[in-house]
Structures are given as C-alpha cells and as structure tokens.
Amino acid sequence: LISSATNSLRMETEILEKKLQDAQIKLAEKDEDKEKEIQSLKRLITELEFQLAVEKNNNESFLDNMRKEIKHKSDELEKLTQERTQLIHKLSQVQEENALLQETARRECEERGELTAALTRAREQVLELKKLSGSFP
C-alpha cells in the first residue's frame with residue numbers, strides 16, 4: 001500500500017514537474033515575445049520621435065522663411081507707401097506750380113491784351129495827330 005502510494009505520489013510529482021516545466025517554458029516564451037514586442041515598440045517610438053523632430057524642424061524652417069518673407073513684404077510695402085506719399089506730395093507741388101503758371105499766363109495775356117489795346121489807341125491818336133498836323137500849316 002505504501003509502495004503503491006509512493007508510486008502514485010512519484011507519478012503525480014512527475015506529472016506536476018512536467019506541468020511546471022511546460023509552464024516555465026511557456027512563461028519564458030511569453031517573456032521572450034514580450035521582450036521582442038517591447039524592443040519593437042521602442043524602435044517604433046524612436047522612429048516616430050525622429051520623424052516628429054524632422055517635422056518640427058521643417059515647420060520651424062518654414063515658419064522662419066514665412067516670417068522673413070512677411071518682413072521683406074512689410075518692408076517693401078512701407079517703402080512703396082513712402083514712395084507713394086512722396087509722389088503725392090510732388091504731384092501736389094506740380095499742381096500748385098501749374099495753377100500758378102496758368103494764373104501767370106492768364107495775367108500776362110490780359111496785360112498783353114491791354115497793351116495791344118493801348119498801342120492801337122496810341123496809333124490811332126498818332127494817325128489823328130498826323131492828320132490834324134497835316135491840315136494845319
């Protein structure tokens with residue numbers, strides 16, 4: 001009976017040891033699979049972080065270029081605005097000068113008309129004086 005019980009316990013112990021070995025092997029395989037998955041995820045994280053850094057650098061570079069372009073356009077706009085203001089000022093001066101010249105020309109034409117009329121009257125008077133002096137000895 002003892003021998004039978006001992007054999008039975010040995011067999012049960014062997015079965016349990018076999019189950020333990022199988023469980024340890026499965027656990028080791030699972031650990032290995034998890035370690036592989038962790039390494040794969042670490043590589044993926046590293047790759048994604050690198051892509052993020054590249055994208056960030058590209059975005060910063062793009063933003064810097066846009067800022068420079070905006071600054072350049074702003075400076076150009078300011079320069080053109082100043083030129084426009086100067087041109088408007090010059091146009092105003094030229095218009096004033098033109099108005100002054102037109103007024104001067106109008107006055108000179110009036111004066112010329114008056115002088116022509118005065119010359120005509122003077123000629124008429126000279127002719128009349130000649131006529132009068134020709135009829136008197």
Side-chain angles (χ1 to χ4, degrees):
L1 186 65
I2 294 177
S3 176
S4 173
T6 304
N7 281 339
S8 177
L9 284 174
R10 269 192 206 132
M11 285 176 57
E12 203 175 312
T13 304
E14 287 176 9
I15 291 171
L16 288 174
E17 283 178 355
K18 175 74 171 145
K19 284 183 180 179
L20 178 62
Q21 285 177 348
D22 289 346
Q24 286 175 339
I25 290 171
K26 284 182 183 178
L27 183 61
E29 287 174 355
K30 283 184 181 181
D31 283 349
E32 189 177 317
D33 289 345
K34 287 190 185 222
E35 187 60 35
K36 286 179 182 176
E37 188 176 347
I38 288 171
Q39 293 304 320
S40 174
L41 289 173
K42 283 182 179 180
R43 281 192 299 273
L44 181 61
I45 288 171
T46 303
E47 190 177 311
L48 290 174
E49 285 175 343
F50 177 74
Q51 288 178 358
L52 180 63
V54 167
E55 284 297 319
K56 186 177 177 184
N57 286 340
N58 287 343
N59 287 341
E60 287 176 3
S61 176
F62 177 76
L63 285 174
D64 286 344
N65 289 339
M66 292 306 292
R67 284 185 188 110
K68 287 176 185 175
E69 188 174 335
I70 288 171
K71 173 77 169 109
H72 175 71
K73 295 289 183 185
S74 176
D75 292 346
E76 195 173 310
L77 177 62
E78 185 177 338
K79 181 182 173 186
L80 289 173
T81 303
Q82 288 175 350
E83 287 178 11
R84 179 180 172 266
T85 302
Q86 289 173 349
L87 287 173
I88 289 172
H89 181 69
K90 285 182 182 179
L91 176 63
S92 176
Q93 288 177 333
V94 167
Q95 286 174 336
E96 287 177 18
E97 188 178 332
N98 187 28
L100 180 64
L101 290 173
Q102 286 178 345
E103 178 61 25
T104 302
R106 185 192 61 76
R107 278 185 281 147
E108 286 179 357
C109 286
E110 284 179 2
E111 288 176 12
R112 186 174 186 183
E114 290 172 3
L115 289 173
T116 303
L119 183 59
T120 303
R121 283 193 305 274
R123 281 184 182 155
E124 289 173 356
Q125 288 175 357
V126 167
L127 285 174
E128 217 169 291
L129 284 175
K130 282 184 180 178
K131 282 183 186 176
L132 287 176
S133 68
S135 54
F136 291 113

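- Atoms CG and NZ, on Leu27 and Lys34 in that order, are 9.5 Å from each other to the nearest 0.5 Å.
- Separating the CD1 atom in Ile45 from the CG atom in Leu52 is a distance of 12.5 Å, to the nearest 0.5 Å.
- Although no hydrogens or angles enter the test, the distance criterion places no donor-acceptor pair under 3.5 Å between the side chain of Ser8 and the main chain of Ser4.
- Salt bridge annotation for Asp22-Lys18: present, with a cationic side-chain nitrogen under 4.0 angstrom from a carboxylate oxygen.
- Ser92 contributes no side-chain N or O that, together with a main-chain N or O of Ile88, makes up a donor-acceptor pair within less than 3.5 Å.
- Between atom CD of residue Glu108 and atom CD of residue Glu103 there is a gap of 10.5 Å, rounded to the nearest 0.5 Å.
- Considering only heavy atoms from C-beta on, Arg10 comes within 4.5 Å of Asn7 through its side chain.
- Side-chain atoms of Glu35 and Gln39 include a donor-acceptor pair closer than 3.5 Å.
- Put simply, CG on Leu77 and CD1 on Ile70 are 12.5 Å apart, with the number rounded to the nearest 0.5 Å.
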Practice problem: Under the side chain to side chain contact (heavy atoms under 4.5 Å, CB included) rule, what do Asp64 and Arg67 come out as? Steps first, then yes or no, please. | Solution: CA-CA 5 Å; Asp64 286 344; Arg67 284 185 188 110; 3.3 Å; yes
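- Here the straight-line distance linking atom CG of Leu44 with atom CD of Glu49 works out to 10.0 Å at 0.5 Å rounding.
- Once rounded to the nearest 0.5 Å, the distance linking CD of Glu83 with OG1 of Thr81 reads 9.5 Å.
- Within 6.0 Å of the CD atom in Glu37, the count of heavy atoms belonging to other residues, nucleotides or ligands does not exceed 12.
- Thr13 places a side-chain N or O within 3.5 Å of a backbone atom of Leu9 that can act as its donor or acceptor partner.
- Sorted by first and then second residue, the pairs that involve residues 110-127 and meet salt bridge (Lys or Arg N to Asp or Glu O under 4.0 Å), not counting sequence neighbours, are Arg106-Glu110.
- When each of Lys73, Lys71, His72 is tested with Asp75 by the rule side-chain hydrogen bond (donor to acceptor under 3.5 Å, both in side chains), just one qualifies, namely Lys71.
- Annotation: Gln93, atom CD; neighbour count of heavy atoms from other residues, nucleotides and ligands within 6.0 Å is above 12.
- Met66 belongs to a hydrophobic cluster whose remaining members, ordered by chain and number, are Phe62; membership requires side-chain heavy atoms of ILVMFWY residues under 4.5 Å apart, directly or through intermediates.
- Judged by distance alone, the side chain of Ser40 and the main-chain N or O of Lys36 form no donor-acceptor pair under 3.5 Å.
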